[in-house]
Amino acid sequence: MHDFNCTQAADMNFELMAERTKYLKENPNGVQEWEFQMRHMVHLQALQRCLKYVLALTL
């Protein structure tokens, strides 16, 4: 549980999680990957809301 509350990779105990966190926060390619995943998640959630709305109208 400790690692999920850490904001810095250096403070994490689980090495694999620390490495991935460091990559996503400090490496330009990692930051770009993180931003892409966040945009994808936001678009997916918007699509799900639209589909729920359309289904509600058709029932």
Side-chain angles (χ1 to χ4, degrees):
M1 283 306 275
H2 171 267
D3 288 356
F4 290 112
N5 293 316
C6 294
T7 58
Q8 300 296 322
D11 298 334
M12 294 181 173
N13 296 323
F14 186 50
E15 189 175 331
L16 181 61
M17 184 182 280
E19 288 175 12
R20 185 69 178 159
T21 300
K22 185 174 180 176
Y23 171 74
L24 291 172
K25 286 185 145 195
E26 298 176 13
N27 184 307
N29 291 332
V31 172
Q32 187 176 22
E33 180 181 334
W34 177 260
E35 290 172 352
F36 173 79
Q37 293 299 331
M38 290 297 104
R39 279 193 306 272
H40 178 73
M41 186 174 67
V42 167
H43 291 157
L44 184 60
Q45 288 174 344
L47 179 60
Q48 288 173 338
R49 283 193 304 272
C50 289
L51 288 174
K52 283 182 184 179
Y53 178 74
V54 168
L55 289 173
L57 290 176
T58 60
L59 295 177

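Everything quoted here is computed from the prediction, not taken from an experiment.
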* Asked: Mind checking whether Q32 and N27 have side chains closer than 4.5 Å, heavy atoms only?
  -> no
* To do: Would you indicate whether the side-chain heavy atoms of C6 and H2 approach each other to under 4.5 Å?
  => yes
Working to the nearest 0.5 angstrom, can you tell me the gap between [X] [atom1] and [Y] [atom2]?
X	Y	atom1	atom2	answer
W34	Y23	CH2	OH	13.0 Å
M1	N5	CE	CG	6.5 Å
M41	F36	CE	CZ	12.5 Å
L44	R49	CG	CZ	10.0 Å
F14	T21	CZ	OG1	10.5 Å
R39	E35	CZ	CD	6.0 Å

* Whether over 12 other heavy atoms sit under 6.0 Å from Q45 CD -> yes
* Asked: Any sub-3.5 Å donor-acceptor pair from D3's side-chain atoms to M12's backbone N or O?
  -> no
* Asked: So, the side chain of K22 versus the backbone of M17: is there a donor-acceptor pair under 3.5 Å, distance only?
  -> no
* Could you tell me which non-hydrogen atom of A9 sits nearest to which non-hydrogen atom of A18, and how far apart they are? => CB-O, 3.3 Å
* Identify whether the distance between the nearest side-chain nitrogen and carboxylate oxygen of R20 and E33 falls below 4.0 Å. => yes
* **Hphob cluster co-occupancy, F4 + L16, side-chain heavy atoms under 4.5 angstrom** => yes
